Structures are given as structure tokens and as C-alpha cells.
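Quick caveat, the model's predicted, so the values are computed rather than measured. For the numbers below, each heavy atom of this structure counts, side chains included, while hydrogens, waters and symmetry mates do not. Chain identifiers are assigned alphabetically (A, B, ...) following the order of the sequence lines, protein sequences preceding nucleic acid strands; residue numbering begins at 1 within each chain.
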Amino acid sequence: MRGQTLGLVGESGSGKTVLARTIMRLIAGANVVTEGEIRFEGRDILSMPDKDSRRLLGTDMAMVFQDPMTALNPVMRLGAQVTEGLRVHKGLSRRDARVEAVRLLEAVHIRDPEARAMQYPHELSGGMRQRVMIATAVACGPKLLIADEPTTALDVTVQARVLDLLDEMRKDLFMAMILVSHDLNVVADRADHLAVMYAGRIVETGPASAVLRAPHMPYTAALLNCTPRLDLADGVRLASIPGRPPSLSEQQPGCSFVTRCEFASQKCREEAPPLISVPDADRSFACWHPLNLSKRVIQEVLPGAPVSDLKAEVAQNGR
Amino acid sequence: MSALGQADGAQLVPARRGRVWAVLGAAVQPGRIGLILSVSWIALVVLLALAADFLPLQDPTVDAEVGIRVPPLQSLGEPLGTDGFGRSMLARAIFGARASLAAGIGAAAAALLIGLAIGVAAGYFRGKVDTAIGIAIDALLSFPGIVVLVVVGATIGGGVGSVTLGLAIVAVPLFARLARANTLRVAPLEYVLAARGLGASPRKVVFLEIVPNVLTSMIAYAGVVVGVLILAESSVSFLGLGVQLPQPSWGNMISEGQKALRTDPHLVLVPAALLVLTILALNQVAEYVRSRSDTSSRL
């Protein structure tokens, strides 16, 4: 949705970056998606011919990469770099591009933009480079901006400012933004909607505040428990999720979170839950034993779910 | 409008001039004396070779009646002495530089361009293209370089042109491998993805993102290869397949002179010294280019 932010969270290796790059059609070779579709303004991006998707990339959707140290071409002046999209799509002349580059660098609050435009990436700090990346991405005024862990490689002190800048750009250009992060704190304040990923699948979605207040999927709940909070008593150890995410190359039946879930049942081992929509709530989850839902709703969306037998079943399975 | 134009110009020109001076200033530092000497030496040799026709030199191919095998530093007219036919060693050395440099630099430049194209194509497209190019390169590499040179020399005859062609053929696989390896390194980097994410066509990605980043290391390597190729030209000429007598090249001068090494060492030492100095200088410059363009240490 234009002007809104979708936060995409999940731990390392859960497929956030792959999803982001798939949307941008930047996955090559053996990893090409063969199933499903990704819709952008009603058109399926994945089935588009290369030529059409290239016209879309940069102009309608753009991406800010995780590591500003490697995402800028080390032998290209920043001015040329920032206006690359403009020159590809709008055929800007060299002269116009130079003027535009200075304007763009100014827009992302880089001081002395004239001089900076003539410099090379290694002459800038990480935070400044990420600003340049953002300027590059928004140069053509995209409708969708995908920010893939834009602050992970930066110092904590700079993170907030880069996030503020992204927010500012989103408002100014009325873009939709997908903010990818493994850090719930980063996403919590800035996202309107949340999507939680685990082992390559989306396991819970919904309005950010609702998901954070009352998660349905045990994984989301566990993730929230791992977040440091100031109101915890002294000496309380921070929770962690036991075990590791499953290897996606050896797929097993059942829920991918089953080995780490405290609510896991026999059904969880046998059958993977689909993404289930909650009626009247704009939320969905993939779980057989959702949390924070009234029995009435559970009965409605998971008919025949053995809610009351949960404890017995867990005991049966020797846990 | 004019005010704007002036402001533009006023800003750009000093900035650019400032850069040039900054680079020169950085070059002129103690510890860089070797580099300065090297650059000066290469410039001198190249200039002399280019201007050989206009210099007051004797014809390097015509025998003289008198003054055979004059040692160096004995006659004002012939500071480097004369050879067994009374020909001026200075003239022969300078005209020889022309052949040696043309073969060395020409072959290296041609091999760099062809190797770059082949290597980047192999590294970027992978798959069948990569396999086919890989097999071709392996096939070429399986012949000893000297065999290639002999075959080329025997097929189209001696002379600077054929030596240059032969040397280029020998050097192409070296550059192609380097280009392929660097393309494999660069292609998955995020800035290449970022360019594709901006909708850049494959052509733009290759020429703006990959080639410039591959080229720096290749230019540095070329500096070393030029030295090797000049040496190789010497060997081919030494074998009698390269530049044909009486036309001089450093290689055939050494080859010719070694017959009289005992009695008249200057016949070998003059071209050999020039060869050694030039190769040393080229290596110095190549090393400097490599250190300046090594972005990995400055990211």
C-alpha cells in the first residue's frame, strides 16, 4: 500500500533477503522461482519478460542493500552512481545528471554535495554510503522501496538516523516500503504491518501493533521474548529460542518450527499448517496451536482443533 | 545563464587541476624515487624509439667502412661504440627499442583487450560459454609458448608484425584467465546486483560495473607481461624467427653480440642493460598501479 511500511522480520537464514531479491528478480541460476507469483500493480513480476521487468526496476521499485560497503561500485564516482537509474531510464545527459546528483545527495542530507559527487565510495563513511544508496534507490521516484536490512552493517548511533531518512523519503515520495530486518526493535516503531518469516515461509502477518501485542504464532512470541527490555528485573536472563532453524535442503513433513516449539503436538509433526486468516482482523498465522486467540475463533478457523487436549498430547509425546 | 556557466566552470576546473596536482604531489615523495626514475626511463625509451627517424643517428642497417667494434665511451660520435659491421650501437639500440617495445607493448595491449572480452564473457555468462572458452584456453595453453611463436613465425615469416601476433596469441590465455577470475569475484557483489536492481541492461552492467573493476588488476598485470613479452621477443629473435637482421631488435642484438662476448662484451651488454632497465622500470610502474587500484584494501 502506498505510503505504508511493511516490516519483514525473521532470524538469519529465514529467507528475508531471498524474498526481497526475488521480488526484484535478482535471483539467478538454479535458484529461480518456479512456483507462485508476485503481484505488483496487478501484474505478475515473475512471469514478465526480462525487458519489461527491467523497465519496472529502478522506476517503480527499487532496493536498498544490506551492506553499503559492497553495494557501491568502488571505481565509480558517487555522482555517476546516484544517477545511474536516471540515466538508464530517463536518458539524462551527463550535465543534467550532474545537477541531479547534487540535488539527490542534498536530499539525503549529505553535506557539501558538490564535492561528494566527485568522490569515490571509499572516501565516505558507512552511514554516508548508505545515504548514497538510498539516494540512488529513490532517484527515479519508485512506488515501492525494498530496504534489505539497511542498518545491519552500520553503527548503532547511525542506524536511527538512516531509518529516519528512509521514513522521510517514504513520506516525501509517498512510497510503499518493505523494511527487512532481523531486529524487531528496528521494525516495531516504523512498520504499519508486520510479516514474520521462518524457514523460508511467512508464518504470521498483521498490523504491527496487534502482532507485537498479541502474537498468534509461537515463533513470533518467542522472538518477542528475546527482545531486550528495560522493564525486566535485574538479573533476569534474556530468553533465547532453543535449537536452530531447520536446514531447508532436507525438507520434512510438518511445521518447520516443530523442533523448537514448546506447544508442538503430533499434528505439528505430521502436517505443516497453512497460512490461516483470522476473520475480521486483517491477520493471519501458520500454526495449529495459535496463541492469544479466543476458543471461539480457534474453533471457527481450525474446526476440530483439540484445544483442551493440548497438555495431554504433549505429555504423550514424552515432553 | 552565463553566470551559471561561469560558476560551473570555475568550480570544475580547479577541482580537476587540483586532483592532477594532488596525484603528482603524492607521486613525488621520498621512497617513490624508484617510481619516478622508472617512469622517466620508460618515457625516455619510448620517446627515443618514436623519434628514431628524426634523430641525427646513423642508419642502423648499413655497414660502415671504418671503425669496427669501437668500445663504448671512446669516441664522441659513438658513445656506445660500434658493432662488428661498424654500425652505430646507439642507433641500433634505439631502433631496436622500437621493435622490442612495439612487440612487447603491442602484443600485451592486444592480448589484454582480447583476453578481457573472452574472460568477462566466460565469467559473466558461465554455463556453456564458460566451458567452451575454458577448453579453448586450455588447448592454447597446452602448446609451449615457443612452439606457437615458431609456428606463427614460420607461417607468415619473420618481422615485428609476426612476432607481435605470436606473442599476443601466447599472452591471451593469461589475460583471459585473470579476467574470468576477476569477473567471477565481481559479478556476485552487491553493487552489481544494485545496478541490475536499477534496471540496467546486461550490456550496461558489464561495461559500467564489471569491466572497470576487472580492468585495474589487468592493467597492473599488463605492466609485468610487457616485460615478459619483450624478453620473449628477444628469445624469438635470438632463434632467428623474429625481427630479421640487419633490422635490429634488442633480442637479435644480444643474439648477434654473444658470438663476440669475450672480445667485445659491449655488443651484448648495451642491449642487455637496456632490456633489464626497461623491464625493471615496467615492473615498478605495474606494482604502483596495482597498489593504487587495489580497492579491497581501502573499502
Side-chain angles (χ1 to χ4, degrees), chain A residues 17 20-21 23-29 50-76 80-89 95 98-99 114-115 117-123 126 129 133 136-137 139-140 142 146 148 153, chain B residues 1 4-5 7-20 22-23 124-127 130 182 184-219 289 292-299:
Chain A
T17 296
R21 290 189 179 176
I23 297 175
M24 296 293 287
R25 298 237 319 196
L26 291 178
I27 302 278
D50 275 358
K51 234 184 179 163
D52 290 9
S53 78
R54 275 210 295 276
R55 203 167 304 136
L56 218 58
L57 295 177
T59 50
D60 283 353
M61 30 202 270
M63 182 159 171
V64 174
F65 285 80
Q66 181 167 355
D67 186 358
M69 299 298 167
T70 58
L72 291 171
N73 185 341
V75 301
M76 200 189 268
Q81 205 127 221
V82 165
T83 50
E84 194 172 359
L86 287 169
R87 300 199 42 194
V88 166
H89 294 292
R95 204 184 169 75
R98 199 152 54 212
V99 176
E114 284 93 358
M118 298 301 284
Q119 287 187 324
Y120 290 94
H122 73 265
E123 298 174 271
R129 280 188 232 187
M133 278 300 297
T136 309
C140 291
I146 302 177
D148 183 9
Chain B
M1 267 305 61
L4 185 67
D8 260 355
Q11 241 169 19
L12 282 173
V13 173
R16 199 161 280 174
R17 192 174 290 162
R19 275 194 76 82
V20 171
V23 169
Y124 188 73
F125 295 111
R126 308 297 309 275
D130 193 11
N182 271 301
L184 290 182
R185 177 181 62 82
V186 168
L189 291 181
E190 283 197 336
Y191 60 80
V192 178
L193 281 184
R196 284 170 51 205
L198 286 172
S201 60
R203 189 172 55 92
K204 271 221 139 100
V205 169
V206 166
F207 283 104
L208 286 179
E209 311 294 328
I210 294 187
V211 167
N213 282 292
V214 169
L215 203 56
T216 49
S217 61
M218 293 191 66
I219 289 174
V289 172
R292 287 287 299 182
S293 63
D294 187 0
T295 51
S296 62
S297 63
R298 301 200 287 158
L299 268 173

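With a threshold of 4.5 angstrom between heavy atoms, Thr59(A) does not approach chain B through any atom at all. Heavy atoms of Met63(A) lying under 4.5 Å from chain B are absent altogether.
Scanning both residues, Ala194(B) and Ala71(A), for their nearest heavy atoms gives CB-O, 4.0 Å.
Of the listed residues (Val64(A), Asp67(A), Leu56(A)), the greatest number of heavy-atom pairs within a distance under 4.5 Å of chain B belongs to Asp67(A). If you tally non-hydrogen atom pairs under 4.5 Å between each of Pro212(B), Gly127(B), Gly197(B) and chain A, the highest count goes to Gly197(B).
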Side-chain polar contacts of residues 199-209 of chain B - donor-acceptor pairs under 3.5 angstrom, sequence neighbours left out - could you list them?
unit_1, atom_1, unit_2, atom_2, d
Ser201(B), OG, Lys204(B), N, 3.4
Glu209(B), OE1, Asn73(A), ND2, 3.0

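Residues that satisfy the salt bridge (Lys or Arg N to Asp or Glu O under 4.0 Å) test with Arg126(B), not counting sequence neighbours, are Asp130(B).
A side chain to side chain contact (heavy atoms under 4.5 Å, CB included) with Glu190(B) holds for exactly one of Met69(A), Gln66(A), Met133(A); it is Gln66(A).
Using a 4.5 Å cut-off on side-chain heavy atoms (C-beta onward), Thr136(A) and Leu198(B) make contact. Looking only at side-chain heavy atoms (C-beta outward), Tyr191(B) and Pro74(A) come within less than 4.5 Å of each other.
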